[in-house]
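Notes for the one structure printed next.
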Amino acid sequence: MTAAESAPGTLVARMGIEIVEEDPRRLVARMPLTGNRQMYGFLHGGASAAFAQALATHAAALEAGPCGRVTGQELSCTHHRAARGEGWVEGVCTPLYLGDAFGTYDVAVHDRRGNRIASARLTCRLRRAAGPSARPAPTGESALFREPALSEESA
């Protein structure tokens, strides 16, 4: 996570989220169960959703570049099973769609045994940085699956 994301007082810091593998195409992070449980002793569903959003937003920020901006548009989170006990849950975030103005990310949250406990999808608005850090123009077949660029007038 960036210094701003994990600064004291932020949700990421309070939840104890740590990046394990950082790449815009595959982001892996972990979150402790301790401090993120609900009253019955297992992982709070809201914590799973916030964890998923933090991962997808971070991956989108990597995609947008250091001077880019990201805003979440929609979050959907399905809870499959409870995470109990001690330790951590792990989240793996991968892009489902990367367009010029939007990105949609899949986040799979697993317990320490590898059981999927939640599946989430987040769509973000991407405003990429201009200049050398901006995403290169698509070539070949991948160019067919990208959305057209929006003009400043329509944004």
Side-chain angles (χ1 to χ4, degrees), residues 1-38 42-83 88-111 115-131 133-138 142-143 145-155:
M1 296 285 162
T2 66
E5 286 174 305
S6 58
T10 64
L11 186 59
V12 167
R14 278 191 206 118
M15 295 178 74
I17 297 171
E18 298 176 4
I19 297 293
V20 175
E21 180 183 326
E22 186 176 53
D23 184 283
R25 307 303 171 165
R26 185 174 193 274
L27 183 71
V28 181
R30 66 186 198 153
M31 179 179 69
L33 290 171
T34 301
N36 293 308
R37 291 187 177 101
Q38 44 95 305
F42 43 86
L43 183 64
H44 194 289
S48 297
F51 180 46
Q53 180 152 358
L55 268 63
T57 302
H58 186 75
L62 292 173
E63 178 69 29
C67 295
R69 288 184 145 295
V70 174
T71 52
Q73 300 291 306
E74 180 180 17
L75 173 66
S76 171
C77 188
T78 301
H79 306 286
H80 306 294
R81 64 185 319 149
W88 301 76
V89 291
E90 181 179 81
V92 178
C93 176
T94 54
L96 294 173
Y97 171 80
L98 291 173
D100 290 329
F102 290 93
T104 299
Y105 293 85
D106 176 69
V107 180
V109 181
H110 296 89
D111 66 14
N115 297 315
R116 186 180 286 232
I117 61 163
S119 299
R121 184 182 306 208
L122 179 76
T123 298
C124 297
R125 179 144 177 98
L126 303 172
R127 294 208 181 255
R128 288 187 173 75
S133 63
R135 186 172 179 203
S142 65
F145 299 102
R146 295 193 30 141
E147 70 181 67
L150 295 175
S151 69
E152 287 297 306
E153 295 170 11
S154 65

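These values consider heavy atoms only, across backbone and side chains, with no hydrogens, waters or symmetry-generated copies.
- Taking all atoms of both residues into account, the shortest heavy-atom contact from Tyr97 to Phe102 is CE2-O, 3.8 Å.
- Separating the SG atom in Cys93 from the CZ atom in Arg26 is a distance of 10.5 Å, to the nearest 0.5 Å.
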>> Using side-chain contact (heavy atoms from CB on, under 4.5 Å), reason through Leu75 and Tyr105 one step at a time and then give a plain yes or no.
In response: CA-CA 10 Å; Leu75 173 66; Tyr105 293 85; over 6 Å; no

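- Annotation for Arg116: atom CZ counts as buried by contact number, over 12 foreign heavy atoms lying within 6.0 Å.
- Tested against Asp106 for a side-chain contact (heavy atoms from CB on, under 4.5 Å), the candidates Thr94, Val92, Leu122 yield a single pass: Thr94.
- From Glu63, atom CD reaches atom CG of Asp23 across 10.0 Å, with rounding to the nearest 0.5 Å.
- A distance of 12.5 Å separates NE2 of His58 from SG of Cys124, quoted to the nearest 0.5 Å.
- Considering only heavy atoms from C-beta on, Glu22 comes within 4.5 Å of Leu27 through its side chain.
- Across every non-hydrogen atom of Ala64 and Val70, the tightest pair is CB-CG2, 4.0 Å.
- Of all heavy-atom pairs between Ile17 and Ala29, the closest is CG2-CB, 4.3 Å.
- In this structure, OG on Ser119 lies 7.5 Å from NE2 on His110, to the nearest 0.5 angstrom.
- For the pair Ile117 and His80, the minimum side-chain heavy-atom distance is 4.5 Å or more.
- Between Leu43 and Ser48, the shortest heavy-atom distance links the atoms CD2-OG, 3.3 Å.
- Distance check, rounded to the nearest 0.5 Å: CZ of Arg69 to CG of Leu126 gives 13.0 Å.
- Here CG of Asp100 is found 6.5 Å from CZ of Arg128. Values are rounded to the nearest 0.5 Å.
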What pairs of donor and acceptor atoms, side-chain ones from residues 30-38 against any protein atom, are under 3.5 angstrom apart with sequence neighbours left out?
residue : atom : partner : partner atom : Å
Arg30   : NE   : Glu18   : OE1          : 3.1
Arg30   : NH2  : Glu18   : OE1          : 3.2
Asn36   : ND2  : Met15   : O            : 3.0
Asn36   : ND2  : Pro32   : O            : 2.8
Arg37   : NE   : Gly41   : O            : 3.1
Arg37   : NH2  : Gly85   : O            : 2.3
Gln38   : OE1  : Tyr40   : N            : 2.4

